[in-house]
K.L.:
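Please read through the structure below; I'll follow up with questions.
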2 protein chains.
Amino acid sequence: MRSGQPITYPGTNERSAGGGRPTSRREEILTAAGALFAESGYHATSVRDIAGRVGVQAASLYAHMQSKEELLFAIVDRVADEFVTAIVPIAADHARPAAIRLRAALRRHLEVVARNLPTATVYFHDWRSCDPARRAAIVQKRDTYEAAWRSIIADGMAGGELAPGDPKIAALTWLSTANWFATWYRPEGALDPGALADNFADLLLKGLMSR
Amino acid sequence: MRSGQPITYPGTNERSAGGGRPTSRREEILTAAGALFAESGYHATSVRDIAGRVGVQAASLYAHMQSKEELLFAIVDRVADEFVTAIVPIAADHARPAAIRLRAALRRHLEVVARNLPTATVYFHDWRSCDPARRAAIVQKRDTYEAAWRSIIADGMAGGELAPGDPKIAALTWLSTANWFATWYRPEGALDPGALADNFADLLLKGLMSR
DNA sequence: CCTACCGATCGGTAGG
DNA sequence: CCTACCGATCGGTAGG
């Protein structure tokens, strides 16, 4: 064995040397873990379960992750970022009517969930299992996200476009519909996320009573 | 030791012999388990954690339960029954306006959650960890509950009181608000469950747009 | 990437 | 209700 060279074992690298897909082993592990956590929950999934789905031994995963919990955080944090990224431009777009912005925000939210169904499920279900410091970072992103919703509603109320009221309570009806979506949505359903978002936005904006 | 008599060890009975509170040891265990499952999740809570909160050894719990999973089911099933019991009379009350019935159903739902906050949290979060046969019973009760909501909405749409539409989609906005409530409600908040239900019902019936 | 292995902890049982 | 204990499994490390 040569000395002075870092010792590398097969597959220890971030990307496989074979130049096939650009998806790194780390991404494969995140996908496998996301699917398993979504199916059974974080605590009911073992490191060996994840390894089995990836097709390696449990110990081999530790070349690509610090711990099982770090894996959970990576999944949850990425989804949190997707939500924030989706709403930031809508929250900044003060020129358009609040109703249009709320409709767009709901659509983007449902699309983020649908596009990341396993990991979005983990985000809502298992974020509490992150260790305290990391959990605080998640809570901060969630707070940022919810504040953006409230600000859109507050804009609409201030301009008289929306009925006066407490933006916090109003935002909760939108966020409830948006967040609960991850618990029941299945891609096999008749309506796609965009159509569902439009239906929900109509109901939330106009109400269920006939006029 | 006399033979022909069942051997009983202290505390093995369903109710303590001391005639104090009518709360049985079994109820104590359910309360302790409910609190711990709500705090950390079913799989992250050990039988020893539950025993520690009750103040006995882990092995002693098995005089009052078949298994940890049976305890989970007992908690979840009871909450499922509370929801069904709350909505049955409202769903049967075809004479009153749908808007009034929806408002009542939402209020009852939020009150069930608030009155059983730890166990309602477990109901929504950990029902999937029940074993398959028992989980099916829970799903059936949940389906019954959701069907009752849809029937109230269908009544209102058929009578022209509510705007025409898909009762399933409309029910989802109410159920989302109702079910998501368990994730954020804290009794220290400014509004009680009844006031919150009224605010949410106003928004869902009349919509967020000003008229 | 693997084999081999660690101490800790798990749900649950035996038996009185 | 307890003590004593079981086999299984856990997340993770050593070392190549």
Side-chain angles (χ1 to χ4, degrees), chain A residues 1-18 20 24-29 32-33 36-37 40-75 126 129-131 134, chain B residues 1-18 20 24-29 32-33 36-37 40-75 126 129-131 134:
Chain A
M1 184 189 301
R2 313 256 186 90
S3 61
Q5 279 283 93
I7 303 165
T8 310
Y9 295 94
T12 302
N13 305 304
E14 180 75 5
R15 279 151 198 280
S16 50
S24 65
R25 192 59 132 182
R26 164 97 176 168
E27 286 300 320
E28 263 185 83
I29 294 166
L36 290 166
F37 293 167
S40 312
Y42 171 72
H43 281 107
T45 301
S46 70
V47 171
R48 284 160 180 81
D49 291 334
I50 300 166
R53 185 176 268 234
V54 172
V56 299
Q57 294 300 311
S60 305
L61 295 181
Y62 288 87
H64 305 281
M65 68 189 206
Q66 294 164 17
S67 66
K68 183 188 171 193
E69 185 275 331
E70 183 259 326
L71 215 54
L72 172 66
F73 175 75
I75 289 167
D126 285 324
S129 297
C130 289
D131 84 30
R134 287 165 156 160
Chain B
M1 185 189 300
R2 313 253 186 89
S3 62
Q5 280 283 91
I7 303 165
T8 308
Y9 295 94
T12 302
N13 303 304
E14 180 74 5
R15 282 152 195 278
S16 49
S24 67
R25 190 59 131 184
R26 164 97 174 168
E27 286 301 319
E28 263 186 84
I29 293 167
L36 290 166
F37 293 167
S40 311
Y42 172 72
H43 281 107
T45 301
S46 70
V47 171
R48 283 157 180 83
D49 291 335
I50 300 166
R53 184 176 270 235
V54 173
V56 299
Q57 294 298 312
S60 305
L61 296 180
Y62 288 87
H64 305 281
M65 67 190 208
Q66 294 164 16
S67 67
K68 184 189 172 193
E69 185 275 331
E70 183 259 326
L71 215 54
L72 172 65
F73 175 75
I75 289 167
D126 286 323
S129 297
C130 289
D131 82 32
R134 287 164 154 160

K.L.:
Using a strict heavy-atom distance below 4.0 Å, which residues from residues 46-58 of chain B are in contact with DNA chain C?
P.N.:
B:S46, B:V47, B:R48
K.L.:
Using whole Å, what does the distance between atom C1' of nucleotide D:dT13 and atom NZ of A:K68 come to?
P.N.:
17 Å
K.L.:
Hunt down any stem DNA chain C takes part in, defined as 3 or more consecutive Watson-Crick or G-U pairs whose two distances are each under 3.5 Å.
P.N.:
C:1-16 with D:1-16
K.L.:
Reckon A:H64 has a side-chain N or O less than 4.0 Å from the OP1 or OP2 of C:dC1?
P.N.:
yes
K.L.:
Not counting sequence neighbours, list each pair that qualifies as a salt bridge (charged side-chain N to carboxylate O under 4.0 Å, His left out) and has a residue in residues 62-73 of chain B.
P.N.:
B:R26-B:E70, B:E69-B:R134
K.L.:
Just the rounded figure in Å: distance from C1' of C:dG12 to CD of B:Q66.
P.N.:
13 Å
K.L.:
In whole angstroms, how far is the P atom of D:dC10 from the NE2 atom of A:H43?
P.N.:
13 Å
K.L.:
Using whole Å, what does the distance between atom P of nucleotide D:dG15 and atom OH of A:Y62 come to?
P.N.:
18 Å
K.L.:
Round to a whole Å and report the spacing from CG of B:L61 to P of D:dC2.
P.N.:
9 Å
K.L.:
Checking A:R53 now: which residues fulfil salt bridge (charged side-chain N to carboxylate O under 4.0 Å, His left out) with it, not counting sequence neighbours?
P.N.:
A:E39
K.L.:
With sequence neighbours excluded, what pairs up with B:Q57 under the side chain to side chain contact (heavy atoms under 4.5 Å, CB included) test?
P.N.:
B:S60
K.L.:
Listed by chain and number, what are the side chain to side chain contact (heavy atoms under 4.5 Å, CB included) partners of B:A51, not counting sequence neighbours?
P.N.:
B:V56, B:A58, B:L61
